[in-house]
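One structure is given here, and the rest of the page talks about it.
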2 protein chains.
Amino acid sequence: MKVTIKDIAKEANVSITTVSLIINDKGQRFSEETHARVKTAIAKLDYQPHYFAKNLNKTKSNTIGFIVSEITNPFFAELAKVIEDVLVEQGYLVLLCNSSSDREREERYVDEMLYRFVDGVFLAGTVSDNAHLLEKLKKRKVPYILLDRPSEYSQTNGIFIDDFAGGVEATNYLITHQHQAIGCITANEHFSNIHQRAQGYLAAMASQGNTPVVEIADEVNEYSGYQLAGKLLDKGVSAIFACSDIMAFGVYKAAAERGFKIPEDLSVIGFDDINLTHFMLPPLTTITQPTKAIGEHAARQMLEMIETGNLVVPNTVLDIALKTRSSVIVKQS
Amino acid sequence: MKVTIKDIAKEANVSITTVSLIINDKGQRFSEETHARVKTAIAKLDYQPHYFAKNLNKTKSNTIGFIVSEITNPFFAELAKVIEDVLVEQGYLVLLCNSSSDREREERYVDEMLYRFVDGVFLAGTVSDNAHLLEKLKKRKVPYILLDRPSEYSQTNGIFIDDFAGGVEATNYLITHQHQAIGCITANEHFSNIHQRAQGYLAAMASQGNTPVVEIADEVNEYSGYQLAGKLLDKGVSAIFACSDIMAFGVYKAAAERGFKIPEDLSVIGFDDINLTHFMLPPLTTITQPTKAIGEHAARQMLEMIETGNLVVPNTVLDIALKTRSSVIVKQS
DNA sequence: TTGAAAGCGCTAACAC
DNA sequence: GTGTTAGCGCTTTCAA
């Protein structure tokens with residue numbers, strides 16, 4: 001049988017009230033000796049409070065949900081890791097769930113999390129058309145934070161970067177290296193942030209009078225990058241902007257298969273700056289997302305919301321930066 | 001206020017017992033009409049059972065813990081994803097926690113999971129010296145399954161591959177390609193499975209009378225692979241066996257920096273067969289772990305243990321296979 | 001300083 | 001077929 005507060009009370013020869021108060025640090029009024037007796041009993045019987053009983057008429061679980069669209073994408077794995085590190089440090093447990101970008105799964109997870117009384121929810125890379133999810137969270141007064149992908153529905157509680165500006169910067173970098181036939185690999189509008197990066201590309205191309213060549217994927221991974229890069233290469237581009245580093249892996253492969261060398265025959269720029277970009281050959285020039293800062297800021301905001309009961313926090317846009325490595329050079333004539 | 005079973009009872013004009021039984025599919029004895037009334041009331045009031053109350057005098061939570069040593073390692077991310085897919089399908093929620101190979105974190109997670117009454121725990125890549133963790137789980141009669149890394153302490157409940165044989169096979173493959181100066185990049189004995197792969201390498205080398213050259217890392221990632229590959233290359237090896245694909249990324253980089261081409265100047269073989277190996281240049285020859293089969297088998301075993309209450313399941317060793325791609329060729333003289 | 005007792009929402013044994 | 005009621009382990013109000 002599990003040891004209960006009753007057993008402790010009996011062992012220490014006090015009432016259960018006394019035990020409860022002392023356990024929860026509300027027992028200042030008790031004598032030193034009572035404290036000691038209770039502590040000893042707890043240690044002796046190896047008592048652990050009962051999670052369900054303790055929370056029965058509470059509304060806190062010390063658990064925070066984290067819904068991520070694709071855990072095998074290193075960017076998300078790195079982000080989740082940073083956030084978990086901070087939250088665990090603060091005494092929370094993170095309930096990390098992978099949705100594989102599936103709407104139904106996302107909703108299911110939100111329901112299950114609310115059912116389990118999570119104290120907050122992070123939504124990383126979930127579908128942008130998520131009014132129903134946010135509505136549920138608001139109704140239950142559970143704080144949430146949106147990461148990576150803005151929601152059409154929420155103008156607050158998000159931590160993002162300026163994807164459009166990043167797209168412009170990446171494209172301009174290629175343009176300043178004399179590239180004109182620049183292709184772009186992006187994803188459909190459900191991936192709103194990645195879509196925005198392509199919008200930045202389009203704007204930068206337009207301002208130079210360059211003709212854009214965009215390929216749009218329905219998934220963001222190495223394979224889709226590979227497929228679309230092939231199409232672009234067949235169209236004769238001299239540079240490619242891959243709106244996600246993971247897609248850039250596919251670009252490298254497609255180029256290699258066609259005998260194109262990077263950067264001599266093809267310049268490539270990515271977006272995200274995942275750890276692996278250092279290990280691509282050549283190392284990928286990319287737009288850096290401050291993953292650590294995003295995660296830490298997100299965790300802090302969440303803790304603050306939980307603490308204050310405030311459910312709204314203004315959107316934050318963190319700075320990106322161009323990370324120059326070796327995959328882009330001046331166009332060879 | 002949250003809607004409770006009482007409200008439903010009142011609305012439907014029945015007792016709370018009736019509601020409870022019908023909700024839990026134990027209400028065969030009630031009339032069609034009663035069923036309907038209760039269902040209508042539930043829908044009308046948008047009733048949801050109370051997680052803590054429901055489980056208060058139960059011992060099930062419909063939640064399964066998953067402790068992983070390094071979620072940013074694609075192998076683990078892929079494995080976790082497969083398992084979660086199966087388990088979610090079966091009505092469970094997976095509590096995925098990343099320990100960063102930290103003993104304290106692992107223990108903390110086990111405690112928190114037990115506190116939350118998880119129905120089972122997966123331990124993927126956790127420290128091999130984990131008697132204390134398994135002891136806790138056994139004491140609470142919570143089924144567990146060990147993945148990736150065997151425990152010195154448990155001869156059951158594991159799903160592994162034959163790491164030693166894999167090491168032998170990888171090494172022999174290099175040997176049959178005329179390589180003699182073969183280096184090996186592995187990790188310290190805390191990573192028991194990876195360590196075993198190196199043992200296989202040593203055996204294969206010894207049986208040929210070749211002199212082994214082993215470098216041992218304290219972490220398994222791209223960086224450690226890079227560091228150690230540098231050392232091996234400086235010692236003049238013509239082939240490298242990287243005991244983990246993620247480390248092979250580092251080998252590629254170290255080789256490139258020294259002007260060594262793969263496979264012409266250096267043959268490389270990896271282990272795991274993560275998705276990204278297809279995208280390495282050249283694609284990495286490696287030992288395939290049947291990630292999908294491992295995950296599905298693990299999930300099935302877990303469900304069976306939960307269902308039957310049986311806490312022991314024999315170890316399973318799944319088959320590996322050599323996956324030939326383009327990073328190994330016959331040694332050039 | 002301490003304790004008795006009500007109540008959180010639900011399940012299940014038992015009664016009708 | 002249906003309802004009453006006693007808990008599950010803990011927190012908290014109120015009394016002493």
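Numbers restart at 1 for each chain; the letters A, B, ... are given by sequence-line order, proteins then strands.
- Using a 4.0 Å heavy-atom criterion, one finds that A:Asn24 contacts the sugar-phosphate atoms exclusively.
- Closest to the B:Lys58 side chain, of the nucleotides D:dT4, D:dT11, C:dT11, is C:dT11.
- Straight-line distance from the CD1 atom of B:Ile5 to the P atom of C:dC10: 5 Å, rounded to whole Å.
- You'll find that the side chain of A:Arg29 is closest to C:dT1, out of D:dT12, C:dC10, C:dT1.
- Residues B:His50 and A:Phe117 bring their aromatic ring centres within 6.0 Å.
- Counting atom types as modelled, B:Thr17 pairs a side-chain N or O with a base atom of D:dT4 as donor and acceptor under 3.5 Å.
- In the set D:dC10, D:dC8, C:dC10, the nucleotide with an atom closest to the side chain of A:Pro49 is D:dC10.
- Atom pair B:Arg116:CZ and D:dG9:P shows a separation of 19 Å (rounding to whole Å applied).
- Counting any heavy atom pair closer than 4.0 Å across all strands shown, A:Ser20 reaches a base atom.
- Note: A:Ile67 CD1 to A:Tyr109 OH = 8.5 Å, rounded to the nearest 0.5 Å.
- Atom CG in A:Leu21 sits roughly 15 Å away from atom P in D:dC14 (whole-Å rounding).
- Considering only side-chain N and O atoms, A:Thr18 lies under 4.0 angstrom from the phosphate OP1 or OP2 of C:dG3.
- Atom CG of residue A:Asn157 and atom CE of residue A:Met305 lie 4.0 Å apart, to the nearest 0.5 angstrom.
- Between the CG atom in A:Leu146 and the OG1 atom in A:Thr126 there is a gap of 6.0 Å [rounded to 0.5 Å].
- Closest approach to the A:Thr34 side chain among D:dT5, C:dT2, D:dT2 is made by C:dT2 (side chain taken as heavy atoms from C-beta onward).
- Between D:dG3, C:dC8, C:dC10, one nucleotide has an atom nearer to the side chain of B:Val14 than all others, and that is D:dG3.
- Side-chain contact of B:Ser61 with B:Asn55: a donor-acceptor pair under 3.5 Å is absent, judged by distance alone.
- Side-chain N/O atoms of A:Tyr47 include one lying less than 4.0 angstrom from OP1 or OP2 on D:dC10.
- Proximity note for A:Thr4 (side chain, C-beta onward) versus D:dG9, C:dG3, C:dT11: the nearest is D:dG9.
- At the phosphate of C:dC10, neither OP1 nor OP2 sits under 4.0 Å from any side-chain N or O atom of B:Lys6.
- In this entry the distance linking CG of A:Asn57 with P of C:dA6 reads 15 Å, nearest Å.
- As a whole-Å value, the separation of B:Ile23 CD1 from C:dT11 P is 7 Å.
- Side-chain nitrogen and oxygen atoms of A:Lys26 include at least one within less than 4.0 Å of the OP1 or OP2 phosphate oxygen of D:dT12.
- Closest contact between the side chain of B:Ala53 and the listed nucleotides D:dG9, C:dC10, C:dG3 involves C:dC10.
- Of the listed nucleotides (D:dG1, C:dC10, C:dC8), C:dC8 has the atom at the smallest distance from the side chain of A:Leu56.
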